[in-house]
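The following block contains the structure, expressed as structure tokens.
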Amino acid sequence: MTEAVQALKRQRVRMILVNLAYFLVLLLLGVLLFLKNAAAGAAGYLLAAACLTGYLLLVRPMSKRYVNAVRATVLRYAVCAELTDFDYRSKGGAAAETVRGCGLVPASADTFMSREHVAGKCGTLAVEMADVTFPIIEDGHNAMFNGAFVQLVWPGADFAPVTVKAGETRDLSLPKQQMELVEGLGELIPGSLYLKAGGETLTLLLRGRFLGFRVNPLMQISEQTLCANPFPELGQAMQLARLMRLKRS
């Protein structure tokens, strides 16, 4: 963790210096063009094109790499602290058939997008997560589902069948501790909770929650900031799985 913090601090300093140098160059060029009254000439357009090219090829990619590195570190050390074999791919995603196959929301078309894929294990419990976007039918109308997909697979487990759709928990009959966890999951989500358990699998769709959470590039880097968990739903889902797990006879 300490090495990750130091590496991010160095990367942050480089990113800030490059951004500062870029904006200083912009300022100097703006003053020069104003004094020379050349903003409308060919030289002005060439300089503007050069500045835009520098931003697109150097400044913006460096900032994005830093933000992705911070997010990956937070996912590894805060969100997925319990997991081993941690694997994160910002451009990877969950398989469409896996998400649709859980049957929690009715998909209305084949369009499907997914990013921010995370996979890992906690003992024999396998975890897969990703951000997902796909069209659905909601109250008879076309809508979009935007949120996070979380699936826990525990070989040898036999979860009792449980289904929650759109945060509706009134018909659930669960032990008190399990019910509190399900309701707590719903309270964390600005959208709606979808949950399905059965056999070896516990699946959640968390509408309005994202693994691609915002990262402020100006934020000071420390072990405390990197260990602040922006996605506590995974920990609660794993705790729920442990409580619901029944070993097969």
**Request:** Kindly indicate, with the supporting measurements, whether the criterion salt bridge (Lys or Arg N to Asp or Glu O under 4.0 Å) is fulfilled by R245 and E200.
**Result:** CA-CA 9 Å; R245 183 191 182 207; E200 297 180 341; over 6 Å; no

**Message:** Working to the nearest 0.5 angstrom, can you tell me the gap between C102 SG and L195 CG?
**Reply:**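 If we round to the nearest 0.5 Å, C102:SG and L195:CG are 10.0 Å apart.
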
**Item:** CE on M244 to CD on Q177, rounded to 0.5 Å
**Value:**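 Spacing of CD (Q177) from CE (M244) equals 12.5 Å.
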
**Counterpart residues, side chain to side chain contact (heavy atoms under 4.5 Å, CB included), relative to E187 (two or more places apart)** =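 If we apply the side chain to side chain contact (heavy atoms under 4.5 Å, CB included) test to E187, skipping adjacent residues, there are no hits.
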
**Asked** Which one of V118, N229, L206, L152 satisfies the side chain to side chain contact (heavy atoms under 4.5 Å, CB included) criterion with L234?
**Response**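 By the side chain to side chain contact (heavy atoms under 4.5 Å, CB included) criterion, L234 pairs with just one of V118, N229, L206, L152: L152.
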
I'd like a table of donor-acceptor pairs (distance under 3.5 Å, sequence neighbours excluded) in which one partner is a side-chain atom from residues 8-27, with atom names and distances.
| from | atom 1 | to | atom 2 | distance (Å) |
| --- | --- | --- | --- | --- |
| R12 | NE | M219 | O | 3.1 |
| R12 | NH2 | L218 | O | 2.8 |
| N19 | ND2 | M15 | O | 2.8 |
| N19 | ND2 | S63 | OG | 3.3 |
| Y22 | OH | C51 | O | 3.4 |

**Closest heavy-atom pair and its distance - V164, E168** =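 Result for this residue pair: CG1-O, 3.5 Å.
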
**Message:** Using every non-hydrogen atom in the two residues, find where L181 and Q236 come nearest and quote the distance to one decimal.
**Reply:**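 Where L181 meets Q236 most closely, the heavy atoms are O-OE1, 3.6 Å.
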
**Request:** With sequence neighbours excluded, give me every salt bridge (Lys or Arg N to Asp or Glu O under 4.0 Å) pair touching residues 57-84.
**Result:**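 Listed once each, the pairs are E82-R242.
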
**Asked** Taking only residues two or more places apart in sequence, or in another chain, which ones meet A96 in a side chain to side chain contact (heavy atoms under 4.5 Å, CB included)?
**Response**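 Only R100, F112 meet the side chain to side chain contact (heavy atoms under 4.5 Å, CB included) criterion with A96.
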
**Message:** Checking side-chain polar atoms at under 3.5 Å, does Y77 have a donor or acceptor matched by the opposite partner on E223?
**Reply:**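 Note: Y77 and E223 side chains miss the donor-acceptor criterion.
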
**Request:** Group every Ile, Leu, Val, Met, Phe, Trp and Tyr by side-chain heavy-atom contacts under 4.5 Å, then state whether M238 and V74 land in the same group.
**Result:**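 Yes; tracing contacts between hydrophobic side chains, which count when under 4.5 Å, links both residues.
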
**Message:** Rounded to the nearest 0.5 Å, what separates atom NZ in K121 from atom CH2 in W154?
**Reply:**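 Interatomic distance, K121 NZ to W154 CH2, rounded to 0.5 Å: 13.5 Å.
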
**Message:** Under the rule for side chain to side chain contact (heavy atoms under 4.5 Å, CB included), what residues qualify as partners of P106, not counting sequence neighbours?
**Reply:**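 P106 satisfies side chain to side chain contact (heavy atoms under 4.5 Å, CB included) with I137 only.
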
**Request:** State whether the number of non-hydrogen atoms from other residues, nucleotides or ligands found under 6.0 Å of F210 atom CZ is greater than 12.
**Result:**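 Yes - once you tally the heavy atoms of other residues, nucleotides and ligands closer than 6.0 Å, there are more than 12.
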
**Heavy-atom donor-acceptor pair, T163 side chain to K196 backbone, under 3.5 Å** =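 No; judged by distance alone, with no hydrogens or angles, the pair does not exist.
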
**Request:** Determine whether the side chains of T203 and Q151 contain a donor N or O and an acceptor N or O closer than 3.5 Å.
**Result:**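 Per modelled atom types, T203 and Q151 side chains form a pair under 3.5 Å.
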
**Message:** Rounded at 0.5 Å granularity, tell me how far CG in L75 sits from OG in S90.
**Reply:**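 So the gap between those two atoms works out to 10.5 Å.
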
**Main-chain N/O of S222 paired with Q220 side-chain donor or acceptor, under 3.5 Å** =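 Here the side-chain-to-backbone pair does not exist.
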
**Prompt:** Are any non-hydrogen side-chain atoms of L205 and F145 less than 4.5 angstrom apart?
**Reply:**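 SC-SC contact between L205 and F145 confirmed.
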
**Prompt:** Counting distance only, does the side-chain N/O of T169 pair as donor-acceptor with the main-chain N or O of L172 below 3.5 Å?
**Reply:**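 Not at all, since once roles are kept as given, no pair shorter than 3.5 Å links the two residues.
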
**Asked** Closest heavy-atom contact between G167 and S192?
**Response**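 Closest heavy-atom pair between G167 and S192: N-CB, 4.2 Å.
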
**Asked** Do you know which two heavy atoms are closest between A197 and F159, and how far apart they sit?
**Response**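 Scanning both residues, the minimum pair turns out to be CB-CB, 4.1 Å.
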
**Prompt:** Heavy-atom count around N216 CG within 6.0 Å, excluding the residue itself: above 12?
**Reply:**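 Count over threshold, so yes.
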
**Asked** Do the side chains of L58 and T53 get nearer than 4.5 Å, heavy atoms only?
**Response**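 Not in contact.
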
Can I get a per-line list of side-chain donor-acceptor pairs under 3.5 Å for residues 127-136, giving both atom names and the distance, sequence neighbours left out?
| from | atom 1 | to | atom 2 | distance (Å) |
| --- | --- | --- | --- | --- |
| E128 | OE2 | H117 | NE2 | 2.9 |
| D131 | OD1 | L211 | N | 2.7 |
| D131 | OD2 | L211 | N | 3.3 |
| D131 | OD2 | G212 | N | 2.8 |
| T133 | OG1 | N146 | OD1 | 3.0 |

**Prompt:** Are the side chain of T73 and the backbone of A69 linked by a donor-acceptor contact shorter than 3.5 Å?
**Reply:**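 Yes.
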
**Prompt:** Quick one: are S114 and V99 in side-chain contact, heavy atoms under 4.5 Å?
**Reply:**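 SC-SC contact between S114 and V99 ruled out.
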
**Request:** To the nearest 0.5 angstrom, please state how far the CG atom of L57 sits from the CE atom of M62.
**Result:**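 Reported value, rounded in 0.5 Å steps: 12.5 Å.
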
**Least distance between heavy atoms, P217 atom then Y66 atom** =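 P217 and Y66 have their closest heavy atoms at O-CE2, 3.5 Å.
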
**Request:** Check the hydrophobic clustering (I, L, V, M, F, W, Y; side-chain heavy atoms under 4.5 Å; chains of links allowed) and say if F86 and F231 are grouped together.
**Result:**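 Yes, same cluster.
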
